[in-house]
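Both ligands and their constituent atoms are indexed starting at 1 by order of listing.
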Amino acid sequence: MTRSEHIQVPAEGQKITVNADFSLNVPDQPIIPFIEGDGTGLDITPVMIKVVDAAVAKAYGGQRKIHWMEVYAGEKSTRVYGPDVWLPEETLAALKEYVVSIKGPLTTPVGGGIRSLNVALRQELDLYVCLRPVQYFKGVPSPVKEPEKVNMVIFRENSEDIYAGIEYEAKSDKAKKLIKFLIDEMGVSKIRFPESSGIGIKPVSIEGTERLVRKAIQYAIDNDKPNVTLVHKGNIMKYTEGGFRDWGYALAQREFGAEPIDGGPWCKFKNPKTGKDIVVKDAIADAFLQQILLRPAEYSVIATLNLNGDYISDALAAQVGGIGIAPGANMSDSVACFEATHGTAPKYAGKDYVNPGSEILSAEMMLRHMGWAEAADKIIDSMEAAIQSKKVTYDFARLMDGATQVSCSGFGQVMIDHM
Ligand SMILES: NC(=O)C1=CN([C@@H]2O[C@H](COP(=O)(O)OP(=O)(O)OC[C@H]3O[C@@H](n4cnc5c(N)ncnc54)[C@H](OP(=O)(O)O)[C@@H]3O)[C@@H](O)[C@H]2O)C=CC1
Ligand SMILES: O=C(O)CCC(=O)C(=O)O
Ligand SMILES: [Mg+2]
């Protein structure tokens, strides 16, 4: 980095770089930026780093090593940079320049206050895919009878929808102006209480939909998945969520050669790598939420809009034992920032209590993305072994017979002991 105000660039280590075809050049000693996160970020991030360092050391015997570089966002940023600096420019610049990074959760107040820093970061870096795999680990207590049938990968559109933040407070001048425009100029007559409505706008584009659905279908091809489901509420929101569905199907036909099944709209094509059928189908979001409980085995790759993806992520995570082990990644074609599905769980902050599993598994995704599969495998194997040993954090312990409850850092140590 050319200049930095508060970021200490490690004395050793090199940057990961990106080739023209978006493949990565990963040095043996990469510098990886991390954001500690608010709330329980304080607890889980140091544990994640310790577990990852142990996995890398075990896998490569000192030949490879990550040099961690702390960058700031959220409450810690306001302490380091000043009271109003929540997401410093140099943090965004570092996440872009160093290509691969990981972050803890960041708090967003409900109602007033700052807008989401998580969303801002995704939008600023155009990390348009939110990738959240949901799979079952043997031995994890689950509220459903057959959690092993859940094996889905969510592709959540991460750059538009109501997360664009175009909304105006009830009775503000801007809300009044927009509502007046809608009534006077657009012939809108169905705003039930125009004098006291807050109002929001939901942009959903062809480009935004296509780039997300393209990634989801390509993932199904590369990972030998049987189907891709477009999840939407297009019966009600015809030109946004309905558009998402129609543009998704059109892309599957135009770019992947999918042919309609029985006159459509479902369609299918042969996976060019395996010769097997990949079915592209759709589901309306409310029905989908009951289908994933009742018939989870029928769904593998999910492509959906931003808000639906947010809801679906937590709901599916619960089916395999909760958001204590729900990892994720925010990705553009070149830059990736990994993060857990859960938030800052403020009531547990600083208590060394919560499950660090989601952030550790996010790091596992990061290692695999870097091509460090041996270290990633060590994390999966030791996570499985730790769960089998029944030495687990409170979230699993409260549902598991014969479990020994351990702390957040204690669980990290159990994983390391099993490497
Ligand atoms: N990407 C991000 O940075 C995200 C940030 N947020 C933000 O986080 C803040 C808090 O949000 P909230 O709605 O409470 O959601 P959280 O995900 O923070 O917490 C909800 C519940 O999930 C469980 N949980 C969360 N983290 C863990 C963990 N590591 N291990 C085990 N269980 C866990 C706890 O359940 P129990 O009570 O049963 O123990 C917790 O009470 C908000 O400001 C929100 O905007 C939210 C989501 C993502
Ligand atoms: O930005 C936030 O505070 C919440 C984000 C969120 O819930 C998510 O990305 O899953
Ligand atoms: Mg969420």
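Atom 3 (O) of ligand 2 has its closest protein heavy atom at Thr108 OG1, 2.5 Å. Among all protein heavy atoms, the one lying closest to atom 34 (C) of ligand 1 is Tyr394 OH, 3.6 Å. The protein non-hydrogen atom at the shortest distance from atom 1 (O) of ligand 2 is Ser116 OG, 2.5 Å. In this structure, the protein non-hydrogen atom closest to atom 7 (O) of ligand 2 is Asp310 OD1, 3.2 Å. If you check which protein heavy atom lies closest to atom 4 (C) of ligand 2, you get Asn118 ND2, 4.3 Å.
Classification of Lys390 and Asp401 as a salt-bridged pair fails, no side-chain N sitting under 4.0 Å from a carboxylate O.
Aromatic ring orientation, Tyr353 versus Tyr348: tilted (interplanar angle from 30° to 60°).
The distance criterion of under 3.5 Å between nitrogen or oxygen atoms is met by His342 with respect to ligand 1. Some N or O of Tyr348 is nearer than 3.5 Å to an N or O of ligand 1, by distance alone. The shortest N or O to N or O distance between Thr107 and ligand 2 is not under 3.5 Å.
Across the listed options Pro356, Pro105, Gly322, Gly343, Gly343 owns the non-hydrogen atom lying nearest to atom 46 (C) of ligand 1. With atom 5 (C) of ligand 2 as the reference point, the heavy atom nearest to it among Arg122, His342, Arg115, Arg132 is part of Arg122.
Close approach of ligand 2 to Arg156 (heavy-atom distance below 4.0 Å) involves ligand atoms 8 (C), 9 (O), 10 (O).
Relative to the ring axis of Phe244, Arg156 does not place its NZ or CZ within 45° and under 6.0 Å from the centre.
Within the 2.8 Å limit, Asp314 places no N, O or S atom next to the Mg ion (ligand 3).
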